[in-house]
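The structure appears right after this line, and notes come after that.
Atoms considered below: every heavy atom in the structure, side chains included; atoms not considered: hydrogens, waters and symmetry mates. Counting starts at 1 for both ligands and their atoms, following the listed order.
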Amino acid sequence: MTRTAVVTGGASGIGLQIVKRLLADGWRAWSLDISPALSDSTGPSSEHAEMFNHLACDVSDAASVQAAFEQIENQSERIDALICSAGVLRTGRLMDQLPEHIDMMMDVNIKGPWLVTRRAVPLLKKGSIPRQPARVVFIGSISGIRPKVGSGFYAASKAALHVLAGVLAVELADAGILVNTVAPGSVATPMLSDPSGPAGAGTGFQPSGMSPLGRIAEPDDVADVVLFFLGESSRYVTGTVLPVDGGTRAAFSSK
Ligand SMILES: NC(=O)c1ccc[n+]([C@@H]2O[C@H](COP(=O)([O-])OP(=O)(O)OC[C@H]3O[C@@H](n4cnc5c(N)ncnc54)[C@H](O)[C@@H]3O)[C@@H](O)[C@H]2O)c1
């Protein structure tokens, strides 16, 4: 039976890589994003066009989430997995952050995953069968475990997401839905590399950069771990926050 996944933030970076990996593994994938799907060679391959749908959706807006799920329900009576990757970063020292940026991070990074999960749960329940529970995976951040100067509110939003995921894992256990969080360190995506993006100079924000493993993560390093949380091997794992940071937070280093 073809398995179906919904991926928020599927138009870019980590979410896009997860979509591509799911399609390559034979899943049907729904991408929900405020940005349009990439139609060039960096987007999902046209060979998977029948198994891929992209919907314009603002995850922080309940009506937009409702509209997206109505479209999903027209074609899929159940879903097997939800991956919440949509997220925003606005940097700045705490005394300098703009209230509208704080609202945006709280809305997209915390309320968004809650709105989407709340709407997905009835479909996930239908996708859950004994020994093959449905899955929810949140993309948190290592900054929610070890925060950085220059991104305090982003770190707070991710720490809050980690907490919500743990509570959800317990609340949804009876429904046969496993909830886990992947917490990446710096990953080479537009969020960090786009020169017109928010992680600019003068904010005090420093990406983690090189990890003890000697490189910055690629989106696939994160997608691999997400795939583990969607697979048979993780059937008894729920409520965890798993760092995918090349050891960055494990110990302070003078290097
Ligand atoms: N890149 C990193 O270094 C890094 C590190 C740790 C955690 N993360 C987290 O990983 C996740 C993915 O980030 P990324 O690096 O792939 O960034 P990205 O900017 O490449 O992708 C984020 C996607 O989310 C979408 N998005 C933003 N607001 C949205 C909204 N309101 N509704 C729907 N979609 C929205 C964007 O359009 C974009 O496609 C985020 O939650 C981010 O916080 C990233």
Sub-4.0 Å atoms of ligand 1 with respect to non-hydrogen atoms of [X]:
X    : value
S186 : 3 (O)
G13  : 16 (O), 20 (O)
D58  : 30 (C), 31 (N), 32 (N)
V88  : 27 (C), 28 (N)
P184 : 5 (C), 6 (C), 7 (C)
P190 : 20 (O)

Is ligand 1 under 4.0 Å from a heavy atom in the side chain of [X], in the backbone, in both, or in neither?
X    : result
D107 : neither
C57  : backbone
T189 : side chain
L192 : side chain

What closest approach, in Å, do [X] and [Y] show between heavy atoms, and which atom pair accounts for it?
X    : Y    : result
Q17  : A223 : CG-CB, 4.0 Å
L242 : V225 : CD2-CG1, 3.6 Å
A11  : H54  : CB-CE1, 4.0 Å
V179 : L172 : CG2-CD1, 4.1 Å

* To do: Using a cut-off of 6.0 Å, state whether more than 12 heavy atoms not belonging to Q66 lie near its atom CD.
  => yes

* Asked: Counting heavy atoms not belonging to E70, are there more than 12 under 6.0 Å from its CD?
  -> yes

Applying a strict 4.0 Å limit to heavy atoms, is [X] in contact with ligand 1?
X    : answer
K158 : yes
A183 : no
G185 : yes
I139 : yes

Using distance alone, decide if ligand 1 has a nitrogen or oxygen within less than 3.5 Å of any nitrogen or oxygen in [X].
X    : value
S12  : yes
I14  : yes
L32  : no
V187 : yes

* To do: Please name the residue in the list S60, S141, S157 that meets the side chain to side chain donor-acceptor pair (under 3.5 Å) test with N109.
  => S157

* In the protein, what heavy atom is nearest to atom 43 (O) of ligand 1, and what distance, to one decimal place, separates them? -> Y154 OH, 2.6 Å

* Structure fact -> among protein heavy atoms, the one nearest atom 28 (N) of ligand 1 is I34 CD1, 3.6 Å

* Salt bridge E73-K126, side-chain N to carboxylate O under 4.0 Å -> no

* Structure fact -> Nearest heavy atom to atom 13 (O) of ligand 1, choosing from K111, M191, M105, M104, belongs to M191

